[in-house]
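Inspection log for the structure reproduced underneath, given as structure tokens.
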Amino acid sequence: MEEQERYYQRIHFWGRITLSMAILFFLGICLYLSFVLQLHPGWEVILTAFLGIAATVGHTWVNLSDQVTYLLLMGPAATYMSTLTGNVKNMRLPSALASCAMVEEHEGRMKRDILAAYGVATSIFVNTFFLIILAVAGQFILEILPPALLRGLDYIVPALFGAIFAQFSFKNARVAVVSLGIVLLVYHLSFIPSFLRVFTAIVAAIIANIVIQQSAARKKDNSEDCH
Amino acid sequence: MTAHQQTLQLANGPAMWLFCILTIGLVFFQAWIFLRTGRQYASVCNVTRLDVKRSLRAGTISTLGPALSIFVVGLGLIANLGSPLTLARLSVVGNAAYEASAAEMGALATGTSINSADYTMVAFTASVWVMNLGGICMLLSTLFFLKPLDRLTKAISHKTHKGLLIGLSASLASFGYFVVDYADRDIRNLVAAVIGFLGVRIFYHLSARTKAKWLKEWALALSILAAVIVVMLIP
């Protein structure tokens with residue numbers, strides 16, 4: 001137990017240091033262009049443009065529900081890496097979950113978190129490898145790939161989601177059916193803002209499955225009492 | 001030489017490359033330190049070599065498709081913003097669509113756009129500011145809140161003794177949601193998701209029947225391949 005505590009301590013320590021360094025780098029290049037090269041566009045220009053971006057994506061900036069979701073699904077190490085590298089929902093989360101889909105239920109949280117971190121780190125290496133190729137030979141590669149293949153690539157993500165859902169469904173079919181039912185319901189509740197709908201579905205599914213499990217356990221107890 | 005060509009000289013210059021190398025270096029450093037920490041504690045929770053091998057494979061397979069789509073958007077960005085900024089920004093927080101719109105927003109505020117001939121170095125600086133400020137905002141809440149939230153969720157799952165059921169329900173609900181969300185778009189997405197699902201169920205079943213363990217290992221990749229082939233056959 002103590003070892004576990006120490007593992008998570010170290011993850012948070014390094015997670016916070018690396019994110020802080022990233023912020024320094026991001027600011028550094030801006031300040032360099034503005035004041036060393038004297039290309040400063042003016043604060044009002046930056047502010048106007050920044051507000052424009054804040055209006056479109058700002059609602060994701062303090063999204064605690066997403067963070068709880070990520071913590072539950074892949075643990076803090078994978079979440080820090082996903083935050084720094086972006087593309088969480090389409091790339092990091094699937095990588096993390098596919099990595100720990102094989103972990104048995106009784107094996108516990110820390111093993112799952114460590115394997116999720118391996119999955120996300122691999123995803124980062126693969127992605128960066130592609131980006132470096134992109135910088136070196138991008139145009140040429142796009143010209144030689146057949147267009148039919150490019151179209152097919154768009155459907156890898158939905159297929160992946162279906163496949164991972166199937167992997168998890170093997171662990172407990174009842175939980176899978178209940179969760180999918182709840183998802184279908186919540187998905188069609190249009191009064192919930194769309195960025196909160198996944199989280200609502202997750203919380204509702206957790207509650208429903210706990211309630212169902214407890215009532216099943218109680219029924220079992222009762223029938224054992226009768227004998 | 002147009003203003004945009006001058007801008008591209010700056011954008012492909014040494015300062016931008018240094019920024020790019022530092023940023024990607026930081027991403028690698030973080031991944032390395034987490035992997036190392038994980039390995040040190042792996043014995044505590046019985047992580048086997050096979051587990052690690054599976055993780056590496058799963059991470060690779062799940063990344064290939066989206067990485068290639070980013071590749072396509074990235075090409076457009078390189079033409080306008082130069083290689084190092086594109087490479088750096090696509091390696092860190094924010095997806096390709098965000099980077100493109102943030103760069104455009106900066107250009108717009110200086111009265112131009114990222115693909116026009118009068119995209120000056122000052123306009124480029126505005127783009128860099130907006131892309132990076134937005135990126136910083138995306139990091140802040142994790143920087144400050146992830147640790148307390150981690151304590152909180154751990155305390156809750158301890159108290160209820162339902163940690164594993166919570167994790168499983170959360171996984172199934174979020175993937176169920178993604179599936180429904182894609183399936184709702186059009187028939188091809190629906191077919192892809194269904195084949196992906198059925199593929200894994202069938203391969204797992206066959207693997208249990210024939211005792212061929214490798215079939216289970218490759219179920220994810222084979223199912224996705226099957227789904228992509230079937231979707232491409234839809235007229």
Side-chain angles (χ1 to χ4, degrees), chain A residues 3 7 12 14 18-19 23 26 29-30 33 39 41 45-46 48-49 52-53 61-62 72 77 83 86 90-91 94-95 98-99 105 110-111 114-115 117-119 121-124 126-127 130 134-135 138 152 155-156 158-159 161-163 165-166 168 179-180 183 187 198 201-202 205-206 209, chain B residues 19 30-31 33-34 38 41 44-45 55-56 58-59 62-63 65-67 71 74-75 83 87 93-94 105-106 109 121-122 125-126 129-130 132 134 136-137 139 141-143 147 150 164 169-173 175-180 182 189 192-193 196-197 200-201 223-224 227-228 231-232:
Chain A
E3 287 280 292
Y7 168 75
H12 284 296
W14 282 108
T18 44
L19 291 193
I23 290 175
F26 292 176
I29 185 67
C30 296
L33 289 174
L39 296 168
V45 167
I46 293 170
T48 318
I53 272 298
W61 289 347
V62 187
L72 286 173
T83 304
N90 62 341
M91 209 189 260
S95 300
S99 314
E105 275 204 53
M110 187 172 163
K111 177 167 181 180
I114 288 179
L115 290 177
Y118 276 109
T122 315
S123 167
I124 289 169
V126 172
N127 187 28
F130 270 98
L134 166 74
Y155 298 95
I156 290 181
F161 288 155
F165 185 87
F168 276 102
S179 304
L180 190 62
V183 163
Y187 185 79
V198 189
I202 289 175
I206 290 174
N209 281 313
Chain B
F19 168 67
Q30 190 196 43
I33 208 125
F34 283 161
Y41 288 84
V44 179
C45 51
S55 290
L56 302 186
S62 314
T63 307
F71 199 98
L75 279 179
S83 299
L87 209 57
V93 62
M105 203 72 88
M121 291 193 269
V122 172
T125 305
W129 269 101
V130 179
N132 282 317
I136 289 171
C137 291
L139 300 180
S141 92
T142 303
L143 177 62
K147 195 174 176 185
D150 192 27
L164 293 165
S169 304
S171 308
L172 281 163
F175 276 97
Y177 194 95
F178 298 155
V179 167
V180 171
Y182 270 97
N189 279 301
F197 174 81
V200 166
R201 298 281 321 185
S223 308
I224 292 170
V228 169
V231 169
M232 279 162 64

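The sequence lines fix the lettering, A, B, ..., with proteins before strands; numbering per chain opens at 1. Since this is a predicted model, take the numbers as computed values, not measurements.
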Residue selection (most heavy-atom pairs with chain B, distance under 4.5 Å) from A:S179, A:A166, A:G86:
A:A166
Count the heavy-atom pairs under 4.5 Å between each of A:L115, A:L180, A:N127, A:V126 and chain B, then report the option with the highest count.
A:L115
Is there a side-chain contact (heavy atoms from CB on, under 4.5 Å) between A:L33 and B:M121? Walk through the geometry before answering.
CA-CA 9 Å; A:L33 289 174; B:M121 291 193 269; over 6 Å; no
With side chains defined as the heavy atoms from C-beta onward, is the minimum distance between B:L143 and A:I23 less than 4.5 Å?
yes
Looking only at heavy atoms and a cut-off of under 4.5 Å, which of A:A98, A:S99, A:G119 has the most pairs with chain B?
A:S99
May I ask you to name which of A:A205, A:A77, A:S123 has the most heavy-atom pairs under 4.5 Å with chain B?
A:S123
Pick from B:S55, B:G176, B:G59 with the largest number of heavy-atom pairs that fall under 4.5 Å of chain A:
B:S55
side-chain contact (heavy atoms from CB on, under 4.5 Å) evaluation trace for A:V45 with B:V122
CA-CA 11 Å; A:V45 167; B:V122 172; over 6 Å; no
Here the pair of heavy atoms bringing B:T125 nearest to A:P41 is CG2-CD, 3.9 Å
Region of B:I33 that comes under 4.5 Å of a non-hydrogen atom in chain A:
side chain
Which one, B:S83, B:A31, B:A109, B:A193, leads in non-hydrogen pairs under 4.5 Å with chain A?
B:A193
Test of understanding: with ring pair (Phe, Tyr, Trp, His ring centres under 6.0 Å), list the residues that count as partners of A:F130, not counting sequence neighbours.
none
Closest contact, heavy atoms only, B:Y41 versus A:E3
CE2-O, 3.3 Å
Quick one: which of A:T48, A:I124, A:I206, A:L72 has the most heavy-atom pairs under 4.5 Å with chain B, could you say?
A:I206
With A:T83, which residues qualify under side chain to side chain donor-acceptor pair (under 3.5 Å), at least two apart?
B:T142
Please flag which part of B:Y182 lies under 4.5 Å from any non-hydrogen atom of chain A: side chain, backbone, both or neither.
side chain
Mind listing the closest non-hydrogen atom pair of B:K147 and A:H12 along with its distance?
CA-CE1, 3.5 Å
Check the orientation of A:F26 and B:F19. Use parallel for under 30°, tilted for 30 to 60°, and perpendicular for over 60°.
perpendicular
Donor-acceptor pair, side chain of B:S141 and main chain of A:W61, under 3.5 angstrom
yes
What are the two closest non-hydrogen atoms of B:M105 and A:I53, and how far apart are they?
CE-N, 3.8 Å
Measure distances from B:V180 to the heavy atoms of chain A and classify the residue's part below 4.5 Å as side chain, backbone, both or neither.
both
Closest non-hydrogen atom pair between B:C45 and A:K111, with its separation
O-CD, 3.4 Å
What closest approach, in Å, do B:A192 and A:Y155 show between heavy atoms, and which atom pair accounts for it?
CB-O, 3.8 Å
Spacing of CZ belonging to A:F161 relative to OG belonging to B:S62, to within rounding of 0.5 Å
9.0 Å
For the residue pair B:Y177 and A:Y187, categorise the inter-ring angle as parallel (less than 30°), tilted (30 to 60°) or perpendicular (more than 60°).
perpendicular
